[in-house]
Amino acid sequence: MKTFVGLFLSSTAFGAVILVAYWFVAHEETTGSVLLAIMTAALAFAAVYAVIAERHAHIDGDGQDLTPEDVKGEDLGVYTTHSPYPILLALSCLFMLLGVLYSPILAFAAVVAVLLCLWRLGAESARV
Amino acid sequence: MITWLTATDHKKIGIMYIITTMVFFVIAGILALMIRAQLATPDNDLIPSHLYNQIFTLHGTAMIFFVIAPFGLGLANYLVPLQIGAPDMAFPRLNATSLWLFVIAGIITFLGLATYGGAAAYGWTNYAPLSEISEGTGVGADFWLIGILLASVSTILTAINITTTTFLLRAPGMTMWRVPIFVWEMIATAILILMAFPSLTAVTLMVLIDRHLGGHFFDPAFGGNPILYQHLFWFFGHPEVYVMVLPYFGIVTEVIATFARKPVFGYVGLVISAFAIAGLSIGVWAHHMFTTGAVSNPFFSAVSFLIAVPTGVKFVNWIGTMWKGSIELSTAMLFAVGFLFNFLLGGITGVMVASPPIDYQVHDSYFVVNHFHYTLGGGSMFAMFAALFFWFPKIFGVKLSERLGKWCFWFMFVGFNITFIPMAFMGLEGMARRVYTYPNVEHLALLNGIASFGGVILAIGVALFFVNILVSAFAHVPVPANPWGGYSLEWATSSPPPEFNFETMPPINSRRPLWDAPSTQGSGP
Ligand SMILES: [Cu+2]
């Protein structure tokens with residue numbers, strides 16, 4: 001088992017332990033139990049994903065004796081250096097929240113802008 | 001300019017993160033000086049009370065959300081890919097989105113000052129129903145909530161990016177059990193963020209719904225529950241403390257090992273203790289709520305005490321790393337040792353307030369202010385300066401003046417302790433936090449006078465740091481790849497590193513690839 005899968009599995013187990021301990025000591029206080037239960041469920045989701053994803057993962061970093069020579073010519077994909085959409089997306093998120101509070105028209109325009117940015121970001125990463 | 005606004009390179013993003021945190025650090029520091037000016041003498045009316053409330057709210061908010069926590073994330077943005085031998089973060093565009101959400105969050109929070117009712121004025125904890133019904137419920141409070149909401153989302157996205165990067169993009173031979181301790185501490189931080197920050201996102205949204213969309217989550221008049229607010233807030237709030245400390249544990253570990261010229265003592269112990277601290281810290285949130293009488297004090301007290309154990313393990317590791325090393329007291333090392341001293345004091349008062357009987361006595365008093373400033377100011381802030389002096393040559397290709405740096409350290413160290421030691425005694429004499437003035441009883445006038453005097457010395461120390469940057473930039477002495485004789489991969493590439501980080505990658509056969517290969521050991525200081 002790869003180390004990071006173990007990390008998520010043990011985090012989930014820890015969440016479960018603290019949930020049970022908390023329930024045992026303070027079950028009349030439901031808020032805490034619910035919070036811990038939601039958190040443990042979310043960790044379990046991540047852990048299950050990690051277990052499944054591990055089967056197809058070939059990670060250079062896990063090769064104890066691999067050297068840079070061994071992976072020469074391997075296709076690393078293309079790394080982007082610039083994109084205008086992250087900053088536009090962040091601004092749109094701000095205007096979306098301001099719009100929800102103060103102006104439905106602004107909110108609508110900002111939601112459209114958010115969707116446009118997400119679409120362009122998706123298209124950009126699909127290209128490489 | 002445009003190339004910076006649209007950059008997705010992790011180094012540029014890291015630099016922008018760090019510069020933004022430095023801007024907010026200066027602003028929050030000026031706010032702190034205003035607080036100390038108001039409190040310098042009893043019955044002072046220099047700053048009106050409603051403005052004072054905004055000042056301490058923005059000081060706490062900025063230091064926590066826009067300085068100490070994001071500095072760790074920004075530094076990780078810069079360092080993690082370099083230390084594991086990757087060309088960039090796993091999701092460069094997501095990374096840029098995190099950065100801009102964070103920058104915009106900080107700006108909108110402070111824009112509250114420009115609104116008619118002023119900025120948010122209910123403390124960084126934003127307790128409901130206070131934040132819903134009383135003074136400070138104007139546009140400025142909305143801006144604060146929007147800012148924190150955006151900052152929380154930004155932090156979660158960064159955490160996803162950091163975990164994915166470290167799991168998948170390590171260079172050949174860089175196994176998980178060979179990555180530097182700083183990277184491990186960032187993994188623990190990131191997983192802790194994923195556990196705790198959704199609660200902050202939810203609670204700020206709920207307050208916004210209460211304020212604008214007719215909700216009553218926290219309004220007892222309509223069956224809402226204010227204690228629910230405290231649960232949701234502190235479920236995030238206590239882990240946040242460790243989000244603001246774990247990265248700095250990593251920084252201190254790297255600095256100490258480099259300047260003691262010894263391998264990190266107890267590598268596995270440091271990793272396990274990081275996760276033990278992260279894990280335990282999600283089980284202690286209601287130690288901030290002992291005095292509500294609505295939580296299980298024995299449970300939260302016991303788990304809080306337990307955190308002292310893995311923290312003690314870390315101290316053993318740091319001292320063990322220095323033990324019989326050939327220690328070089330560079331400025332970065334001085335700040336790291338200063339961190340050990342201050343953080344130990346903060347940890348001891350932390351164990352005290354983890355005990356409900358003591359907490360009932362000192363809750364919401366200056367004793368608590370003393371406690372968390374020793375952990376986050378004397379601790380994290382000193383480690384932040386250790387990081388700045390240590391990695392400045394790598395990031396900017398210029399070494400900071402060591403002479404000025406040592407002046408900076410001593411002013412800060414002496415000033416910090418003169419400022420904050422008296423606060424413990426103020427608290428024991430009953431001075432409440434967040435009040436804009438106090439009567440001339442007991443020794444409060446003397447203690448506050450000393451604290452304000454110390455604040456000036458501390459500020460001179462911080463100012464010397466920025467003078468140092470100007471002086472060093474003007475002198476502009478170029479630095480080699482490995483000016484300190486470091487052992488981790490970032491020192492294998494040029495200062496500053498080229499696009500995509502490495503022209504050639506050294507072989508990685510251990511936790512200290514650069515100390516294995518004689519040619520890359522660097523010129524040394
Ligand atoms: Cu706490």
Side-chain angles (χ1 to χ4, degrees), chain A residues 2-5 7-8 10-11 14-15 17-18 21-22 24-26 28-29 31-32 34-36 38-40 42-43 46 50 57 59-71 76 79-91 93-94 97-98 100-102 117 121 124-125, chain B residues 3 5-9 84 87-88 92-97 99-101 103-104 108 142 146 149-150 153 163 166-177 187 191 194-196 198-199 208 212 227-228 231-232 235 275 279 282-283 285-286 294-296 298-299 499-500 504-505 507-508:
Chain A
K2 294 197 171 67
T3 310
F4 71 86
V5 182
L7 268 180
F8 276 113
S10 45
S11 301
F14 184 84
V17 167
I18 204 124
Y22 188 78
F24 198 69
V25 179
E28 71 276 11
E29 196 284 291
T31 316
V34 171
L35 281 172
L36 288 170
I38 293 174
M39 186 197 79
T40 308
L43 284 170
I59 301 166
D60 288 344
D62 288 335
Q64 180 110 8
D65 306 312
L66 274 187
T67 64
E69 297 302 309
D70 297 332
V71 297
L76 290 173
Y79 274 88
T80 153
T81 55
H82 289 95
S83 168
Y85 298 107
I87 187 168
L88 294 176
L89 176 61
L91 276 170
C93 288
L94 170 68
L97 286 171
L98 287 172
V100 169
L101 299 193
Y102 306 120
C117 287
L121 281 169
E124 268 192 7
S125 27
Chain B
T3 58
L5 292 181
T6 61
T8 56
D9 173 37
I84 63 171
D88 203 323
R93 295 181 190 84
L94 186 71
N95 203 17
T97 310
L99 166 76
W100 292 114
L101 282 173
V103 173
I104 288 169
I108 192 78
D142 288 339
I146 291 174
L149 188 61
L150 293 175
V153 174
T163 40
T166 48
F167 291 160
L168 300 182
L169 294 189
R170 281 164 289 119
M174 180 60 81
T175 61
M176 284 298 277
W177 292 98
I187 299 171
I191 292 182
L194 296 180
M195 289 168 157
S199 188
L208 278 173
H212 285 275
I227 299 294
L228 175 66
H231 272 296
L232 289 170
F235 194 79
F275 283 92
I282 57 138
W285 73 91
V295 296
S296 168
F299 177 89
E499 200 166 54
F500 304 128
T504 52
M505 180 78 65
I508 302 157

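So that the names make sense, note that chain A is the first sequence line, chain B the second, and so on, each numbered from 1.
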Visitor: A:L36 versus B:F235: any side-chain heavy-atom pair under 4.5 Å?
Guide: yes

Visitor: For B:I104, is it the side chain, the backbone, both or neither that has a heavy atom under 4.5 Å from a heavy atom of chain A?
Guide: side chain

Visitor: Specify whether A:F4 and B:F167 have parallel, tilted or perpendicular ring planes, treating 30° as the upper limit for parallel and 60° as the lower limit for perpendicular.
Guide: parallel

Visitor: List for me each residue that meets side chain to side chain donor-acceptor pair (under 3.5 Å) alongside A:S83, sequence neighbours excluded, and say none if there are none.
Guide: A:E124

Visitor: Considering only heavy atoms, which portion of A:L35 lies under 4.5 Å from any heavy atom of chain B: side chain, backbone, both, or neither?
Guide: both

Visitor: Do you know the tightest heavy-atom contact between B:I187 and A:L7?
Guide: CG2-CD1, 4.0 Å

Visitor: Let me know if A:F24 has heavy atoms under 4.5 Å from chain B in its side chain, its backbone, both or neither.
Guide: neither

Visitor: A:I18 and B:G283: which non-hydrogen atoms are nearest, and at how many Å?
Guide: CD1-CA, 4.0 Å

Visitor: Checking heavy atoms, do the side chain of B:L168, its backbone, both or neither come under 4.5 Å from chain A?
Guide: both

Visitor: Under 4.5 Å heavy-atom distance to chain B, tell me which part of A:T81 shows up: side chain, backbone, both or neither.
Guide: both

Visitor: Considering only heavy atoms, which portion of B:H231 lies under 4.5 Å from any heavy atom of chain A: side chain, backbone, both, or neither?
Guide: both

Visitor: Of the listed residues (A:I87, A:L89, A:V25, A:V100), which shares the most heavy-atom pairs with chain B below a 4.5 Å separation?
Guide: A:I87

Visitor: Which atom names give the shortest non-hydrogen contact between B:L150 and A:C93, and what distance separates them?
Guide: CD2-CB, 4.1 Å

Visitor: Test side-chain contact (heavy atoms from CB on, under 4.5 Å) on B:I146 and A:L101; report intermediate values, then the result.
Guide: CA-CA 10 Å; B:I146 291 174; A:L101 299 193; 3.9 Å; yes

Visitor: Measure B:L149 against the heavy atoms of chain A and call it side chain, backbone, both or neither at under 4.5 Å.
Guide: side chain

Visitor: Is it the side chain or the backbone of A:A50 that comes within 4.5 Å of chain B heavy atoms, both, or neither?
Guide: neither

Visitor: Measure distances from B:I84 to the heavy atoms of chain A and classify the residue's part below 4.5 Å as side chain, backbone, both or neither.
Guide: neither

Visitor: What closest approach, in Å, do B:M195 and A:S11 show between heavy atoms, and which atom pair accounts for it?
Guide: CE-CB, 4.2 Å

Visitor: Once rounded to the nearest 0.5 Å, what's the spacing between atom OH of A:Y102 and atom CG of B:D142?
Guide: 3.5 Å

Visitor: Using non-hydrogen atoms and a 4.5 Å limit, figure out which bit of B:A286 sits close to chain A: side chain, backbone, both or neither.
Guide: neither

Visitor: Under 4.5 Å from any heavy atom of chain A, what part of B:T3 do you find: side chain, backbone, both or neither?
Guide: both

Visitor: Which bit of B:I108 comes within less than 4.5 Å of chain A, counting heavy atoms only: side chain, backbone, both or neither?
Guide: side chain

Visitor: Please report the interatomic distance CE(A:M39) to CG(B:L194), rounded to the nearest 0.5 Å.
Guide: 11.0 Å

Visitor: Can you find a heavy atom in the side chain of B:L94 that is under 4.5 Å from one in the side chain of A:L121?
Guide: no

Visitor: Quick one: do A:Y85 and B:T97 satisfy side-chain contact (heavy atoms from CB on, under 4.5 Å)? Show the steps, please.
Guide: CA-CA 8 Å; A:Y85 298 107; B:T97 310; over 6 Å; no

Visitor: Below 4.5 Å from any heavy atom of chain B, which atoms of A:L91 appear? Answer side chain, backbone, both or neither.
Guide: both

Visitor: Test of understanding: with side chain to side chain contact (heavy atoms under 4.5 Å, CB included), list the residues that count as partners of B:P92, not counting sequence neighbours.
Guide: A:Y79, A:T80, B:T8, B:D88

Visitor: Please report the closest heavy-atom contact between A:P86 and B:R93, naming both atoms and the distance.
Guide: CG-O, 3.6 Å

